[in-house]
Amino acid sequence: MFAKKIISWYLSHKRDLPWRNTNNPYNIWLSEIILQQTRVQQGLPYYEKFVENFKTVEALAMASEDNVLRLWQGLGYYSRGRNLHKTAQTIAGEYAGRFPDNFKDLQKLKGVGKYTAAAIASFAFNESVPAIDGNAFRVITRFFEIFDPIDSPTVQKNIFEISTDLMKNTEAGNYNQAVMELGAMVCTPKNPSCDVCPVNIECKAFENKSMGKIPTKAKKTKVSNKFLLYLVFEHNEQYWLKKRTEKEIWANMYDFYLVEIENLEYEEKVQEYIEKLKIEVEEINQYPVVNHILTHQKQQIIFVKIKCKSAPALTEGNWYSSGEIDELAKPKIIVDFMKKLKKT
Ligand code: SF4
């Protein structure tokens with residue numbers, strides 16, 4: 001009954017999203033990678049941009065990494081953008097442009113975990129395998145009133161088995177979409193709309209009013225603090241930026257001269273670098289601290305613009321006009337800073 005009820009609710013209430021009107025594995029894979037750790041509203045324009053620029057997996061494979069990262073710009077988690085590109089190249093090269101058509105083989109692709117493989121296998125190939133994202137975990141644990149922590153592998157295995165049973169004899173893609181849509185739209189983390197939920201009569205958490213306590217997690221995410229100082233060197237209306245290396249945070253993206261600092265007292269550091277790099281200062285401008293929150297880290301970022309009388313002799317990097325910077329792949333904090341700079 002659970003499956004039947006949620007599928008019929010889904011078919012009459014679902015949001016009309018472009019990747020739901022196709023069973024093309026390329027489009028489904030693209031949407032799933034874009035939507036990992038990203039809200040639908042934020043991800044939608046990116047999906048449209050990618051589909052418009054790269055109509056096929058081969059077209060994406062042939063693009064330059066700079067071009068792919070530039071389109072990805074603003075989504076964060078840039079390793080996903082790079083994996084997306086590498087996987088497209090693998091599929092175009094090793095798989096002759098055809099996606100694997102089953103759950104097991106899909107997991108061999110870079111950046112495709114158990115959830116994403118299940119989503120593609122069920123939406124594109126109708127394989128009966130549950131796609132369990134955070135929304136689905138919430139619905140199932142509440143419906144059965146499972147208090148066990150969902151970050152435990154044993155609990156995850158149990159929920160996978162329960163879900164495999166629930167979806168038997170249903171249309172796999174619709175079942176998976178239905179559970180996730182219910183979690184996103186009705187069984188929300190805070191204040192779920194149980195009154196309009198299609199399965200409220202059988203829901204154990206609703207019966208016992210325990211929705212607010214489920215799901216649970218065993219481990220608390222530890223958040224560390226990081227302080228970053230960007231020295232924005234300007235000379236002749238050009239700015240110095242460097243492409244970061246493969247192994248660094250924001251790999252292969254462009255940013256200003258970066259100095260990691262201990263706390264927000266950065267003035268001495270600025271002076272130290274001015275001396276160290278033999279900068280002839282014409283003018284210094286400081287900007288308000290920017291807070292950038294990541295899952296495991298709270299970054300506080302300071303931008304100090306230093307107008308130089310002559311171009312400092314920096315070994316790496318290059319000088320770019322603000323128009324040229326628009327064309328470079330950059331972390332979102334740099335995009336935001338450039339917008340701020342253009343307004344001043
Ligand atoms: S009744 Fe409430 S808690 Fe239960 S599945 Fe529906 S929305 Fe979630």
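Just so you know, ligand 1 is whichever comes first in the structure, and atom 1 is the first atom listed for that ligand.
The aromatic ring centroids of W29 and F99 lie less than 6.0 Å from each other.
Within the 4.5 Å cutoff, side-chain heavy atoms of Y78 are placed close to those of M253. Using a 4.5 Å cut-off on side-chain heavy atoms (C-beta onward), Q156 and I159 make no contact.
Residue N200 has at least one heavy-atom neighbour below 4.0 Å for each of these atoms of ligand 1: 1 (S). Residue-ligand proximity, M211 to ligand 1, at heavy-atom distances under 4.0 Å covers atoms 3 (S).
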K309/V281 under side-chain contact (heavy atoms from CB on, under 4.5 Å): CA gap, chis, key distance, verdict: CA-CA 6 Å; K309 285 184 190 156; V281 178; over 6 Å; no

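In this structure, the protein non-hydrogen atom closest to atom 2 (Fe) of ligand 1 is C194 SG, 2.3 Å.
Exactly one residue among Y287, W319, F337, Y273 makes a ring pair (Phe, Tyr, Trp, His ring centres under 6.0 Å) with F256. That residue is F337.
When non-hydrogen atoms are compared, ligand 1 lies under 4.0 Å from neither the backbone nor the side chain of F143.
The residue among A205, G212, C197 with a heavy atom at the shortest distance from atom 6 (Fe) of ligand 1 is C197.
Atom 2 (Fe) of ligand 1 has no N, O or S atom of C203 inside 2.8 Å of it. Because the distance cut-off is set at 2.8 Å, C187 qualifies as a neighbour of atom 8 (Fe) of ligand 1 through one of its N, O or S atoms.
Donor-acceptor pairing under 3.5 Å is lacking for the side chains of Q36 and Y115.
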